[in-house]
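For reference, the structure discussed in these notes is given below.
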2 protein chains.
Amino acid sequence: MPNNQFKRGELYSFITGKASTAIARRLQKKFNTAGLHITIEQWSVLYHLWKQDGISQQELCNATFRDKPSITRLVDNLEKLNLVKRVPSENDRRINLIFLTRQAQKLQEDTMALAEETLNDALTGVPADKVDICKEVLQIVYDNLK
Amino acid sequence: MPNNQFKRGELYSFITGKASTAIARRLQKKFNTAGLHITIEQWSVLYHLWKQDGISQQELCNATFRDKPSITRLVDNLEKLNLVKRVPSENDRRINLIFLTRQAQKLQEDTMALAEETLNDALTGVPADKVDICKEVLQIVYDNLK
DNA sequence: TTTGGATAGTTGCACAAACAACTATATGCC
DNA sequence: GGCATATAGTTGTTTGTGCAACTATCCAAA
């Protein structure tokens with residue numbers, strides 16, 4: 001039997017992701033105000049490179065849940081901004097390894113602070129245990145659909 | 001004191017909205033498979049017009065959480081697809097009222113069924129009470145930031 | 001009644017996403 | 001070794017988003 005837990009009036013926000021749109025806009029504004037000239041999408045690529053530098057574009061696709069053309073162009077733009085550098089792999093000439101520049105390394109601390117600030121803005125008034133449940137649900141949703 | 005409930009490793013999915021991205025992609029695929037040639041964004045406009053037909057572009061901005069240029073172009077494209085029609089308001093000549101065509105009225109049932117199906121896919125294995133908490137949290141997040 | 005500010009909508013630009021089609025390289029199998 | 005197939009990345013096209021600048025209209029106060 002279908003678990004018909006959704007009435008029609010409740011579909012909308014879940015599908016359109018209004019909450020995450022709001023979070024992304026808020027963070028983008030904080031970047032702009034701070035004079036950091038990067039987009040949220042570019043930041044999301046840097047985020048994974050800060051965790052592990054020198055990974056391939058394909059690995060960035062998996063990590064950021066984007067397709068290959070999207071990563072190609074994000075890396076293009078990050079390269080123009082002098083934030084990353086493509087380095088051809090020596091083992092496999094199909095692969096580009098993406099490395100952070102010194103300039104990008106410097107961005108980590110500031111942008112991460114703004115991201116945490118944004119989440120604190122977002123979650124004001126939400127008890128921690130409900131946040132945990134929410135994260136858990138969103139993780140299952142992602143796993144169900146990815 | 002700041003409610004520092006976020007460790008760095010947990011930032012990412014919340015900000016990038018991976019779950020809602022996954023939901024939107026799944027629904028888009030269902031539209032495509034069903035031969036329905038509309039985008040999720042166009043659907044989100046129709047969604048509000050099905051609830052109330054003949055509202056202004058500004059009201060669509062508020063309802064869909066988009067800015068005016070985005071709605072201008074979505075309405076442009078919906079008009080090209082013969083799904084809506086701009087009708088100048090008689091009271092206030094700045095305003096366009098947006099009306100569904102008969103063709104768009106016909107889309108409601110099918111697309112809503114696919115949307116519900118998508119949410120059922122997404123929420124498989126999630127207890128209803130956790131879904132409720134998740135919705136509640138996302139609503140607060142939206143209200144905190146909008 | 002005029003004028004200044006607010007509101008509704010449009011346009012231009014830069015950036016991003018999804019899909020399809022493409023090139024180049026690697027790998028596995030005969 | 002040679003060929004089919006898979007993988008990594010790029011390019012073109014359409015669509016959507018966010019911002020700034022713009023036009024047209026409305027409204028309210030002097």
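So that the names make sense, note that chain A is the first sequence line, chain B the second, and so on, each numbered from 1.
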I need the [atom1]-[atom2] distance between [X] and [N], as an integer number of Å.
X       : N      : atom1 : atom2 : result
B:Arg73 : C:dA14 : CZ    : C1'   : 12 Å
A:Asn77 : C:dC15 : CG    : P     : 6 Å
A:Asp67 : C:dC19 : CG    : P     : 8 Å
A:Glu90 : D:dA8  : CD    : C1'   : 17 Å
A:Asp76 : C:dA14 : CG    : P     : 16 Å
A:Trp43 : C:dA16 : CH2   : P     : 14 Å
A:Lys80 : C:dC15 : NZ    : P     : 7 Å

Give the minimum heavy-atom separation between [X] and [Y], together with the two atoms involved.
X        : Y       : answer
B:Thr101 : B:Val84 : CG2-N, 3.8 Å
A:Gln28  : A:Ile40 : OE1-N, 3.0 Å
B:Thr64  : B:Ser44 : CG2-O, 3.9 Å

[X]: which residues meet the salt bridge (charged side-chain N to carboxylate O under 4.0 Å, His left out) condition with it, sequence neighbours left out?
X        : answer
B:Asp121 : B:Arg26, B:Lys30
B:Lys85  : none
B:Lys106 : none

Quiz item: When we call it a touch if two heavy atoms are under 4.0 Å apart, what does B:Leu74 touch: a base, just sugar-phosphate, or nothing?
Solution: sugar-phosphate
Quiz item: Where along residues 28-42 of chain A does a heavy atom come under 4.0 Å from DNA chain C, residue by residue in number order?
Solution: A:Thr39, A:Glu41, A:Gln42
Exercise. Starting from the 5' end of DNA chain D, give me the residue, B:Ile71 or B:Asn91, whose nearest nucleotide shows up first.
Key: B:Ile71
Practice problem: Scan nucleotides 2-9 of chain C nucleotide by nucleotide, 5' to 3', and note B when protein non-hydrogen atoms come under 4.0 Å of the base, S if they reach only the sugar-phosphate, - if neither. | Solution: ----BBBB
Exercise. Give a yes/no answer on whether the side chain of B:Arg66 brings an N or O atom under 4.0 Å of OP1 or OP2 in D:dG18.
Key: no
Quiz item: What residues form a side chain to side chain donor-acceptor pair (under 3.5 Å) with A:Gln105, not counting sequence neighbours?
Solution: none
Quiz item: Is it true that A:Lys130 and B:Asp132 make a salt bridge, defined as a side-chain N closer than 4.0 Å to a carboxylate O?
Solution: no
Exercise. State plainly whether the residues A:Arg25 and B:Asp67 are in salt-bridge range, i.e. N to O under 4.0 Å.
Key: no
Practice problem: For A:Ser70 and for A:Arg93, find the nucleotide of DNA chain C with the closest heavy atom, then tell me which residue's nucleotide is more 5'. | Solution: A:Ser70
